[in-house]
Each structure stands twice: as C-alpha cells, then as structure tokens.
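Contents: one structure, followed by commentary.
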Amino acid sequence: NNNSYTELSREVGRLNRSTTDLKKDINAIKKGTRVIAAPDKSRGTGFAITSNGLIATSFHVVNGADSIYIQDVAGRSFKAKAIYNDPQSDVSILKVIDTTFKGLGPIPYTFKHSESDLAENVFTFGFPQDSPVYGDGRLTSANGLNGDTLDYEISVPINPGNSGGPLLDSKGNVIGIVKAKETRLEGVHFALKSGYLLNAIKNIPEDSLTKVPVLNTENGL
C-alpha cells in the first residue's frame, strides 16, 4: 500500500504482442505445432520447482487472471493453473495442466533453506522484455521496505516483467523471488526470501498433486 513500492509484473496490451511472438506463431502454424496465442494483460517471470511442471512466481503476477499460460524459450505456450497462493508473502505455485506438455529437463539449481548474508553476490534471470535478461548485484539488506522481514533488499537492476523470477547466489542456489522496487530511490529492489517459497511448496494441497514435490539437491550451476 506504499506508493513508493512498485510490483514488477509487466503490463501488456492485447495488440502489443512483439514481432518475435508473431513470427514464432506463424512458424509454429507452418510446422503444425500447437500454440495458444492468448491476449495477455500482464506478464512476469516464473521458474521451475520440479521438472514435471510445477512453477513458482509472484502472486501479483497471476492475481485476478482468468487464465494463466507459461511460455517456453521456443515460444510454445502451455495452460497452467495456480494450485497454491499466498498473498501475504506474494508467492504463487502454478501447475502446468496442458495435455501437450511433456515435462522439462533436470532442474539445474537448488533451493537455499537458510537466510543469506549481507553483501553476498546475487544474480537474477528474467523477462522484462521478450528475450531473457541477466542481472547481477549485491544483497544490500536482510530486510525489505520499512524493515519487512519477508524480503531482502538487493541492488540488482530489475524492471517490470522481472517479478516472479529467481534470485540466485554465486553457488547457484535460489535464495529468493524477485518482486518489487522502491520508486523514490535508485537501485533499491526487493526479493521474497526463499524460506517463504519453501513454506508455500509444503502447503500445496495434496489433492492438487499427483505426487509430493521432490526438490533438486544436486546443483548444476
């Protein structure tokens, strides 16, 4: 509710789809590949929790959506649904429900259970534009806006569309989820701590899952 705190989902108009997206759709039609061209209202970033289609993102990215799709690097879209939302911590767990989805490869990162230290090198990877964007910086505070203990303050440059993306440390551990920035100050951004993501994963209703999620423990990064 603070007017200096801006969540970083990316608003897009129905007619503002990029030339890249349109070319991918045309090529997919020629090849006979199924593509769903949904009229997006907003976009954000998500990252895989498991290879069978559980995705983490920020709650504000999907809040109020009447339909949710994830898109892979090849431009293919797959229908998903939110199976767990925590508005308090601003995290949402999605599940791909599209029958054409064949799964993902091995998850290359791990998830940090403890809090990270001040001045650690941190990294982001997200979609403030149609192609992926990498950013790096430091963990500048153990707390977020006005001392909020849910969040880290980070110096990584992030923009609308980065919301829901992973915050990683130099060892390839996911330590948070990118979510917002301070609009009155340059270079002040916020990420939800990974402990709240892990709590959300534990709280997914059992009837929403075919099996209990098993998180990767071997880091490939």
Side-chain angles (χ1 to χ4, degrees), residues 1-2 4-9 44-51 54-61 84-94 106-128 132-204 213-221:
N1 293 326
N2 191 310
S4 68
Y5 185 87
T6 303
E7 295 171 333
L8 295 172
S9 62
T45 301
F47 58 99
I49 299 169
T50 62
S51 59
L54 291 185
I55 310 290
T57 190
S58 295
F59 171 69
H60 72 262
V61 170
Y84 182 79
N85 291 319
D86 185 351
Q88 177 82 21
S89 59
D90 193 18
V91 62
S92 183
I93 307 298
L94 311 180
I107 305 301
Y109 40 77
T110 49
F111 298 84
K112 190 168 183 179
H113 292 256
S114 59
E115 289 201 13
S116 295
D117 296 324
L118 200 65
E120 275 196 48
N121 290 319
V122 291
F123 310 87
T124 61
F125 189 82
F127 288 83
V133 175
Y134 165 87
D136 60 49
R138 299 270 184 178
L139 196 159
T140 51
S141 176
N143 297 320
L145 186 68
N146 299 324
D148 187 350
T149 58
L150 294 176
D151 296 346
Y152 293 122
E153 180 187 299
I154 57 175
S155 64
V156 184
I158 52 179
N159 293 291
N162 273 119
S163 266
L167 178 70
L168 301 107
D169 64 16
S170 59
K171 297 177 181 178
N173 298 304
V174 173
I175 68 167
I177 302 177
V178 174
K179 60 187 291 190
K181 69 178 179 179
E182 163 68 80
T183 55
R184 295 180 299 184
L185 299 171
E186 289 294 327
V188 178
H189 305 93
F190 305 105
L192 177 72
K193 296 174 182 178
S194 57
Y196 297 97
L197 167 61
L198 294 171
N199 286 339
I201 295 170
K202 290 179 183 177
N203 291 329
I204 299 171
V214 177
L215 301 182
N216 181 41
T217 57
E218 296 184 8
N219 199 307
L221 297 183

Taken to the nearest 0.5 Å, the spacing of Asn199 CG from Tyr84 OH works out to 8.0 Å

Donor-acceptor pair, distance only, cut-off 3.5 Å: does the side chain of Asn159 make one with the backbone of Pro128? no

Heavy-atom nearest pair, Gly164 first then Ser58, reads N-OG, 3.1 Å

CG (Leu221) and OG (Ser170) are apart, to the nearest 0.5 Å, by 11.0 Å

Closest heavy-atom pair, Phe125 versus Pro132, reported as atoms and distance to 0.1 Å, is CZ-CB, 3.3 Å

*asked:* Could you walk me through whether Ile201 and Ile93 satisfy the side chain to side chain contact (heavy atoms under 4.5 Å, CB included) test, starting with their C-alpha distance in whole Å, then the side-chain angles of each, then the deciding distance to 0.1 Å, before giving a yes or no?
replied: CA-CA 7 Å; Ile201 295 170; Ile93 307 298; 4.2 Å; yes

Hey, does Glu7 have a side-chain heavy atom less than 4.5 Å from the side chain of Asp90? yes

Take Val156 and His189 through the test side chain to side chain contact (heavy atoms under 4.5 Å, CB included) and record every step on the way to the result. CA-CA 7 Å; Val156 184; His189 305 93; 5.7 Å; no

Tightest non-hydrogen contact, residues Ala48 and Phe111, listed as O-CZ, 4.0 Å

- [ ] Assess the side chains of Asn173 and Thr110: does a donor N or O sit below 3.5 Å from an acceptor N or O?
- [x] yes

- prompt: Just by modelled atom types, is the Phe59 backbone N or O under 3.5 Å from a matching donor or acceptor in the Lys179 side chain?
  reply: no

Here the gap from Ile107 atom CD1 to Thr217 atom OG1, rounded to the nearest 0.5 Å, amounts to 12.0 Å

* Asked: Given side chains that start at C-beta, do those of Leu168 and Lys112 come closer than 4.5 Å, heavy atoms only?
  -> no

Note: Ser155 and Thr140 closest approach over all heavy atoms is CB-CG2, 3.8 Å

So CD1 of Ile204 and CD1 of Ile49: to nearest 0.5 Å the spacing works out to 6.0 Å

Test item: Asp148 side-chain N/O and Leu150 main-chain N/O as donor-acceptor pair under 3.5 Å | yes

Check: Does the Asn219 side chain pair with the main chain of Lys171, one donor and one acceptor, at a distance under 3.5 Å?
Finding: yes

Correct closest heavy-atom pair for Ile154 and Ala191 would be CD1-CB, 4.3 Å

>> In the structure I gave you, are the side-chain heavy atoms of Ser141 and Tyr152 within less than 4.5 Å of one another anywhere?
In response: no

| message | Walk me through whether Lys193 and Asn143 qualify under side chain to side chain contact (heavy atoms under 4.5 Å, CB included). | response | CA-CA 9 Å; Lys193 296 174 182 178; Asn143 297 320; 4.0 Å; yes

Practice task
Report the C-alpha distance between Lys181 and Asn162 in whole Å, list the side-chain angles of each, state the deciding distance to 0.1 Å, and finish with yes or no for side chain to side chain contact (heavy atoms under 4.5 Å, CB included).
Solution key: CA-CA 10 Å; Lys181 69 178 179 179; Asn162 273 119; over 6 Å; no

Thr57 meets the side chain to side chain contact (heavy atoms under 4.5 Å, CB included) criterion, sequence neighbours left out, with Val61, Val62, Ser92, Leu94

* Evaluate the side-chain proximity of Pro166 to Phe123: yes if any heavy-atom separation is below 4.5 Å, no if none is. => no

Note to self: Any side-chain to backbone donor/acceptor pair from Ser163 onto Ala180? Under 3.5 Å, distance only.
What the structure shows: no

Per side chain to side chain contact (heavy atoms under 4.5 Å, CB included), Ser116 is matched among Leu139, Val122, Leu167 by Leu139

Which of Val91, Ile175, Asp86 passes side chain to side chain contact (heavy atoms under 4.5 Å, CB included) with Leu197? Answer is Val91

Query - Ile177 and Tyr196, any side-chain heavy atoms less than 4.5 Å apart - result: no

